[in-house]
Every structure is written in structure tokens, then in C-alpha cells.
2 protein chains.
Amino acid sequence: MNPIFHALFQKNRYLTNCLNEVLKQHHLYSSQWTILYCLHKNGPMTLTQIWKYLNVEAPSITRAITRLEALGWVQRLDGEDKREKIVTLSAQAEERLPAITATILAFEEEMVGSLTAEEQEQLLKLLEKMKG
Amino acid sequence: MNPIFHALFQKNRYLTNCLNEVLKQHHLYSSQWTILYCLHKNGPMTLTQIWKYLNVEAPSITRAITRLEALGWVQRLDGEDKREKIVTLSAQAEERLPAITATILAFEEEMVGSLTAEEQEQLLKLLEKMKG
DNA sequence: AGTATTTATTTAGCTAGGTAAATAAATTTA
DNA sequence: TAAATTTATTTACCTAGCTAAATAAATACT
């Protein structure tokens, strides 16, 4: 196994686990947070807009939104085009997002803190240069 | 979301999907292959040795081994310590592994090919330097 | 020796990704 | 306009990670 792949897969698992750990205090999983952040940044979105933006398949988003709706983080509204559902953040979500974002920023800072600013830039550049 | 995290998560998903695609011809999933490779490299191992080596929790390995056993890739043998199960590659697996390894090497080469040798080294170094 | 603790594996159940196929609404085409 | 195709979402089911708790064997303790 190419050591780059190995390192990338391991790091991915490690970071996801840490992120989930840190998000426990807000009763969220990392993927749920990703969707909330996406909606916060872009405003109301259809399911299709969300999964295309996050580069994930539709059923993953349907499932995640169903749970987020049940937990009161988002609402599904009918669009003008009656095939589509428009997802919006709830008032509760809007209220809580600043604290969650602060948690995330601190976490990211800590994780990336072992690299200098140049190294961070380098790493990002190299990841993006890899095929795909 | 820190762009490094975003890039890393996206790349991880992309590479896993590609790897699964490439492994279809051998009727394997990427995680199954990881375990076969691990056994090929280290010889017979207990479940605990496998999950510690792969840095994954025990139940993931139990499940994967159960499937690999049902498919004829591995066998579970009782150890001297009767709590532990020793996992060995089947003859069929030994026979097929060279072809699979060739597929994997070609795939890895292709994926990593957009980077120069120095860039690959750099990327690995930076990934490993990140916390965790 | 008998009890308590540790260790290896498994089971149950959760999130999160994937594909394939069903359904319903909108759009295109004959 | 009626039929065919496309598009948005959902459902069903697969792998793959996780935690918590059950079970069984080995080890440590009194």
C-alpha cells in the first residue's frame, strides 16, 4: 500500500473521530455539522444543491436531512417546482451555530497547529494537485 | 471549514470510491483488500493483531473477517489461547493476490502520478506531521 | 482453591458513505 | 395533446467505521 494513501486514510479516520468527539458537546455528528455549515454559508438550498455542493450522493443527504429535521435543526419546505424540497436552518440552529463554529475553529486550529503557515499552504496545494 | 480538512475529506472519499471501482474486477472492496494485504505481509494474525495494526476498532474487523471467510479468502483457526482466533489466507487468496497487487500498484501510480517524486515525499511528510 | 480482573472476540445498534431502483413532477418530443 | 424522457427525491440494501455491552477464556489476587 502506497504510504501516502495509508497516511491519508488513517488521518481521515483520526480527524473524523476527533471531530465527532469535539461535537458531542453540541449533540452533533461531523457530517451533520457539515450540512448545517453549508446551509449557513449558502442560505436555503434544495437537496440536490446540497449533495452537489458537498460532492456526496443524494441518498446520504436525504437521510442526514431527515435526522436533522427530526432533531429540529432544519426544515424541509416545498419548492415552487413541486419535485424539490428546500431545506432551511431552524431558528434554534441559527442561534446555536456561532458557538459550534467557535468549537470547530478551535479544533481545526489545534489539529493543523503542528504545521507552519507555509506547510499548511503546501499541504493544501499538494492535496488539491493529486488526481481527482 | 478549514480548506485542508475539506480537501482531505474529499480526497479520501474520492480515492476510496476509485479504489472500490478498480477492485470490482477482483470482487473485493477496498477494506477487504487492506486486510488481505496485511495478512500477506505479516502472515497469520489474530483479530487483535489485525485491528491494532490497521488502527481500527475490533468489531469492524470481526465483521470484515466473517465476510472474507464466507467468500473463501481467509480461514479462522483456534489459537493455543482459546480466546483468540488466528486468521490465515486461503490458498485461493494466495493464488490471486499477485494479480490484485498489480492492479493496486497501477492504480496508486496513476493517482499519485500528478505529483513529482519530491512532491509525493513532501505530501507524505506533511500528512504525517499533522497532529495525531 | 476460589474469586476478581483482564483480555479476545462477538453482538447489537448507531452514523455515513455507496449503488440500484421506485415514484412523482416537469419538460421535451412526436 | 399524448407519450417519452428527464429531474428531484426517496426507499431498500450494501460496506465500513464507531461505541457499548455480552461472553468466554486466561490471569491475578486473596
Side-chain angles (χ1 to χ4, degrees), chain A residues 8-24 26-36 38 45-71 73-74 76-87, chain B residues 8-24 26-36 38 45-71 73-74 76-87:
Chain A
L8 196 141
F9 291 155
Q10 294 268 7
K11 202 59 70 173
N12 177 75
R13 245 198 348 271
Y14 175 73
L15 289 173
T16 322
N17 291 344
C18 290
L19 198 45
N20 279 327
E21 191 55 42
V22 152
L23 280 172
K24 258 185 192 162
H26 301 289
H27 309 290
L28 275 177
Y29 287 93
S30 55
S31 292
Q32 299 175 325
W33 178 76
T34 305
I35 293 174
L36 296 185
C38 174
M45 296 171 88
T46 65
L47 285 168
T48 299
Q49 286 174 324
I50 296 174
W51 65 259
K52 287 196 170 159
Y53 183 84
L54 296 177
N55 206 17
V56 157
E57 297 303 319
S60 307
I61 296 302
T62 295
R63 212 185 325 97
I65 293 293
T66 301
R67 277 193 295 262
L68 284 172
E69 192 175 34
L71 294 168
W73 292 96
V74 303
R76 262 191 189 89
L77 308 175
D78 284 344
E80 202 163 307
D81 179 332
K82 277 181 191 162
R83 290 170 303 180
E84 62 190 23
K85 302 284 173 63
I86 293 161
V87 185
Chain B
L8 197 141
F9 291 155
Q10 294 268 6
K11 202 58 72 173
N12 176 76
R13 247 200 343 273
Y14 175 73
L15 289 173
T16 324
N17 291 345
C18 290
L19 199 45
N20 280 326
E21 190 56 40
V22 152
L23 281 172
K24 259 186 191 161
H26 301 289
H27 309 289
L28 275 177
Y29 287 93
S30 54
S31 292
Q32 299 176 325
W33 178 75
T34 305
I35 293 174
L36 297 184
C38 174
M45 297 171 88
T46 65
L47 285 168
T48 298
Q49 286 174 323
I50 297 174
W51 65 259
K52 287 194 172 160
Y53 184 85
L54 295 177
N55 206 16
V56 157
E57 296 305 319
S60 307
I61 297 302
T62 295
R63 211 187 323 99
I65 292 294
T66 301
R67 277 192 295 261
L68 284 172
E69 193 175 33
L71 294 168
W73 291 97
V74 302
R76 260 191 191 89
L77 308 175
D78 284 344
E80 201 163 307
D81 180 332
K82 278 179 189 163
R83 290 170 303 180
E84 62 189 24
K85 302 283 172 62
I86 294 161
V87 185

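First the proteins, then the strands, lettered A, B, ... as listed; each starts at 1.
- In terms of the salt bridge (Lys or Arg N to Asp or Glu O under 4.0 Å) criterion, residue partners of B:R76 (sequence neighbours excluded) are, by chain and number, B:E69.
- Spacing between atom CG of B:L54 and atom C1' of D:dC18 amounts to 16 Å, rounded to whole angstrom units.
- Computed from coordinates, the B:D78 CG to C:dT9 P distance equals 11 Å when rounded to whole Å.
- Contacts of B:R83 classified as salt bridge (Lys or Arg N to Asp or Glu O under 4.0 Å), with partners at least two apart in sequence or in another chain: B:D81.
- Under the rule for a side-chain hydrogen bond (donor to acceptor under 3.5 Å, both in side chains), B:T62 has no partner lying at least two apart in sequence or in another chain.
- Taking only side-chain nitrogens and oxygens, B:R76 never comes nearer than 4.0 Å to OP1 or OP2 of C:dA8.
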Open item on the list: How would you summarise protein contacts on nucleotides 16-25 of chain C per nucleotide, using B for base, S for sugar-phosphate only and - for none, with heavy-atom distances below 4.0 Å?
Closed with: BBBBB----B

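- Distance OH (A:Y14) to P (D:dC18): 13 Å, rounded to an integer number of Å.
- At least one donor-acceptor pair under 3.5 Å links the side chain of A:N20 to the backbone N or O of A:S30.
- Legend: residues meeting salt bridge (Lys or Arg N to Asp or Glu O under 4.0 Å) with A:E21, ordered by chain and number and at least two apart, are A:K24.
- When rounded to the nearest whole Å, the span between CG of B:N12 and P of D:dA16 equals 13 Å.
- At a threshold of 4.0 angstrom between heavy atoms, the contacts of B:T48 are confined to the sugar-phosphate backbone, with no base atom among them.
- Listed by chain and residue number, nothing satisfies the salt bridge (Lys or Arg N to Asp or Glu O under 4.0 Å) test with B:K82 (two or more places apart in sequence, or in another chain).
- When the P atom of D:dA16 is taken as reference, atom CD1 of B:I65 falls 11 Å away, rounded to whole Å.
- A side-chain contact (heavy atoms from CB on, under 4.5 Å) with A:E84 is found for exactly one of A:L47, A:L77, A:T46, A:T48, namely A:T46.
- Following rounding to the nearest Å, B:L23 (CG) and D:dA16 (P) show an atom-to-atom distance of 10 Å.
- When rounded to the nearest whole Å, the span between CG of B:L47 and P of C:dT9 equals 5 Å.
- Nucleotide D:dT15 holds its C1' atom 13 Å from the CG atom of B:L28, rounded to whole Å.
- Across all strands shown, B:T46 has heavy atoms under 4.0 Å from sugar-phosphate atoms exclusively, and none from any base.
- Not one side-chain nitrogen or oxygen of B:T62 sits closer than 4.0 Å to the OP1 or OP2 atom of C:dT9.
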